[in-house]
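Scroll down for the structure; my scribbles are underneath it.
In the text below, chain A, chain B and the rest are named by the order of the sequence lines, each starting its count at 1.
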Amino acid sequence: AEDTGVRVELAEEDDGQKSSIAMRLCVEDAKKLKGKPKDNGAIEFSFDLHKDHPEDVAQEMIDSGFFQECDSKTVAKSIRDRVALIKWRRERTQQANE
Amino acid sequence: GSAMQVVHSAGRRFIVSPVPESRLQEP
């Protein structure tokens with residue numbers, strides 16, 4: 001994935017079954033963001049792979065004051081990339097099982 | 001420090017925990 005300065009990773013092991021999964025977002029390089037993030041903490045949240053959209057979660061983080069509006073695309077992209085990877089891995093596991 | 005919890009009006013919960021300084025300086 002492209003280096004956005006924001007890293008999103010799984011906060012729990014993916015059992016490949018549940019739709020809602022815990023994820024963790026960390027700012028790795030604040031210089032890559034246009035605005036100043038609130039702090040350098042890790043933000044843990046749950047993401048529903050079937051219902052949630054990365055753009056909405058990014059906007060919620062901005063509403064909550066973690067990031068500035070100008071970084072919404074960067075945050076959304078970081079989440080989207082990770083979600084795509086999780087989905088891809090699940091598909092591959094499913095194919096292997098069949 | 002301890003973790004802080006923020007609940008967005010949409011219902012999603014964000015749990016913020018401080019990252020140790022040493023980890024931030026890793027390449």
Between [atom1] of [X] and [atom2] of [Y], what distance do you get to the nearest 0.5 Å?
X	Y	atom1	atom2	answer
B:Arg12	A:Phe45	CZ	CZ	7.5 Å
A:Asp63	B:Ser9	CG	OG	6.5 Å
B:Phe14	A:Met61	CZ	CE	4.5 Å

Honestly curious: do [X] and [Y] fall in one hydrophobic cluster under the side-chain, below-4.5 Å linking rule?
X	Y	result
A:Phe66	A:Ile62	yes
A:Leu33	B:Val16	yes
A:Met23	B:Val7	no

**Q.** Under 4.5 Å from any heavy atom of chain A - which part of B:Val6
**A.**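 Only the side chain of B:Val6 comes within 4.5 Å of chain A.
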Q: Might you confirm whether atom CD of A:Gln94 has over 12 heavy atoms from other residues, nucleotides or ligands at distances under 6.0 Å?
A: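 At most 12 heavy atoms, drawn from other residues, nucleotides or ligands, come within 6.0 Å of this atom.
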(Q) For residues 52-60 of chain A, give me every residue with a non-hydrogen atom less than 4.5 Å from any non-hydrogen atom of chain B. (A)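 A:Asp52, A:Val57, A:Glu60, listed by number.
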Q) Among residues 83-90 of chain A, which residues come closer than 4.5 Å to chain B, judged by heavy atom distances? A)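 When heavy atoms of chain B are the reference, residues 83-90 of chain A contributes no residue within the under-4.5 Å range.
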